[in-house]
Amino acid sequence: MPELPEVETIKRDLSILIGRPLKAIIVYDEAYLEKNEITPKELKKLEGQRLLHLSRKGKYLFLHFSQHIFGFHLGLTGSLILVPEENPLDKFKHKVLSLHFLEMSLLFSDMRKFGRLFLFDEEKSFKDFLISIGQDALEIEFSEFKEALRSIRKPIKSALLDQKVISGIGNIYADEILFRADINPLRPARSLSDEELQKLYQTMKEVLHLAISLRGSTIKDYVDGLGGAGMFQTKHLVYQKYGMPCPRCGTTLEKIKVAGRTTSYCPQCQR
DNA sequence: TTCAGCCTGTCG
DNA sequence: CGACAGGCTGAA
């Protein structure tokens, strides 16, 4: 899915919508709404409201309207694409819904249907929801980062992927960050020294910022808010490169499973 | 803490 | 045909 850098890229692309009134909503997949416990009627309430601002926490993106907050989690294949002129017959596959703003439409599609939608009508429930998500990987302070990992016995990669610990990192960035920080993905999180934690923290921020500057990673399905591809995949050093030589030492990159996810790492460089 | 299950598509 | 894919959840 879109991980933090991809969601941040989409958020920036959508900022052109800020200030515009939402003229209409068209729902193409009612079952998708139902699964997310949103009725078409509730959603209709958004019509006429103005988009005030956008926000993101981890992999969640929120559209703040005058009276409601509409949240998206893109799962593995969700996309939010801005099109200048709405064309109900367009070729987007797996369309879920479209939001028609003044002179622009936003299309939400989701092939695998792992994405989720959230509709909040009060500030309190929204705040409670935010609290349930771990601190954003770009916002978290070192002291919190250290504190959060100190008590975790499971592998460091599992901890990085746990959105309740830190939010925003997925399988691509976990592998890329751990390689660049020279840390073995299987190390119990609590076994990392202060020095290693410091390096991991720094590396995490650097990799995420660099990925955002390159508009995210496009492996297969991800597209930004304008329907374009990201470029960070050209900088991947280990993600899905098992069997190939380590770019630093030449040792063959190994493939293992961590937290149920395929993991690629260098057994020589990552200790 | 792990792991099937949720979905659809693609590749070997 | 099976295996696998940027993720999360709930049950064991």
Side-chain angles (χ1 to χ4, degrees), chain A residues 1-11 28-37 56-61 71-80 92-96 108-118 129 132-134 136-137 149 151-179 185-191 204 207-208 210-212 214-225 228-243 255-264:
Chain A
M1 120 165 176
E3 304 181 28
L4 186 153
E6 290 76 29
V7 179
E8 178 63 23
T9 299
I10 291 171
K11 176 185 169 230
Y28 297 100
D29 186 346
E30 301 225 355
Y32 196 104
L33 282 193
E34 200 173 325
K35 184 167 53 104
N36 286 280
E37 297 172 345
R56 180 190 63 72
K57 184 170 185 184
K59 305 173 189 173
Y60 294 84
L61 179 64
F72 294 81
H73 186 296
L74 303 178
L76 285 167
T77 56
S79 66
L80 279 168
F92 288 95
K93 220 55 194 139
H94 308 289
K95 267 201 296 193
V96 177
F108 174 58
S109 311
D110 186 1
M111 183 176 76
R112 288 179 67 184
K113 303 180 184 181
F114 284 177
R116 286 163 58 202
L117 299 172
F118 307 85
F129 181 71
S132 73
I133 308 169
D136 183 84
L149 296 177
S151 58
I152 299 176
R153 299 166 181 276
K154 61 186 181 182
I156 182 62
K157 176 166 175 179
S158 302
L160 291 179
L161 290 174
D162 186 341
Q163 307 298 302
K164 288 186 168 53
V165 176
I166 309 163
S167 65
I169 297 173
N171 206 28
I172 293 178
Y173 295 99
D175 276 9
E176 292 299 318
I177 290 166
L178 288 168
F179 174 73
L186 289 172
R187 288 270 303 282
R190 59 186 289 178
S191 75
M204 172 178 81
V207 169
L208 295 175
L210 180 61
I212 290 170
L214 292 176
R215 307 184 60 77
S217 301
T218 295
I219 302 297
K220 194 172 182 311
D221 302 305
Y222 165 72
V223 287
D224 61 30
M231 284 300 291
F232 188 71
Q233 69 281 5
T234 65
K235 306 288 182 190
H236 290 178
L237 299 178
V238 293
Y239 174 69
Q240 283 201 333
K241 295 192 189 290
Y242 49 83
K255 174 187 184 177
I256 55 172
K257 285 267 185 204
V258 183
R261 317 296 300 279
T262 296
T263 299
S264 188

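Note: hydrogens, waters and symmetry copies are ignored here, and every other heavy atom, side chains too, is used.
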**Message:** Between A:H94 and B:dC7, is there a contact of a side-chain N or O with OP1 or OP2 at under 4.0 Å?
**Reply:** no
**Request:** Could you tell me whether a side-chain N or O of A:Q163 sits under 3.5 Å from a main-chain N or O of A:I169, the two making a donor and an acceptor?
**Result:** yes
**Message:** With a 4.0 Å cut-off on N to O distance, would you call A:D221 and A:R112 a salt bridge?
**Reply:** no
**Request:** Rounded to the nearest angstrom, tell me the gap between atom CG in A:D110 and atom P in C:dA5.
**Result:** 18 Å
**Message:** Among C:dA5, B:dT1, C:dC8, which nucleotide has an atom closest to any side-chain atom of A:Q240?
**Reply:** C:dA5
**Message:** Any side-chain N or O of A:K220 below 4.0 angstrom from OP1/OP2 of C:dC4?
**Reply:** no
**Item:** Distance below 4.0 Å between A:K113 side-chain N/O and B:dT8 OP1 or OP2
**Value:** yes
**Message:** Measuring to OP1 and OP2 of B:dC6, would you say a side-chain N or O of A:R116 lies under 4.0 angstrom away?
**Reply:** no
**Asked** Is A:K35 close enough and on-axis enough to A:Y32, meaning under 6.0 Å and within 45°, for cation-pi?
**Response** yes
**Prompt:** Is A:F114 stacked on the base of B:dC6, with ring centres under 5.5 Å apart and planes under 30° apart?
**Reply:** yes
**Asked** C:dA5, B:dT8, C:dT9: which one has an atom nearest the side-chain heavy atoms of A:M111?
**Response** B:dT8
**OP1 or OP2 of C:dC4 under 4.0 Å from side-chain N/O of A:T262** = no
**Complete:** Regarding the side chain of A:K154, the nearest nucleotide among C:dA5, B:dT1, B:dG9 is B:dT1
**Prompt:** Dot-bracket for DNA chain C, 5' to 3', counting Watson-Crick or G-U wobble pairs under 3.5 Å, with [ ] for crossing pairs and | for inter-strand pairs?
**Reply:** |||||.||||||
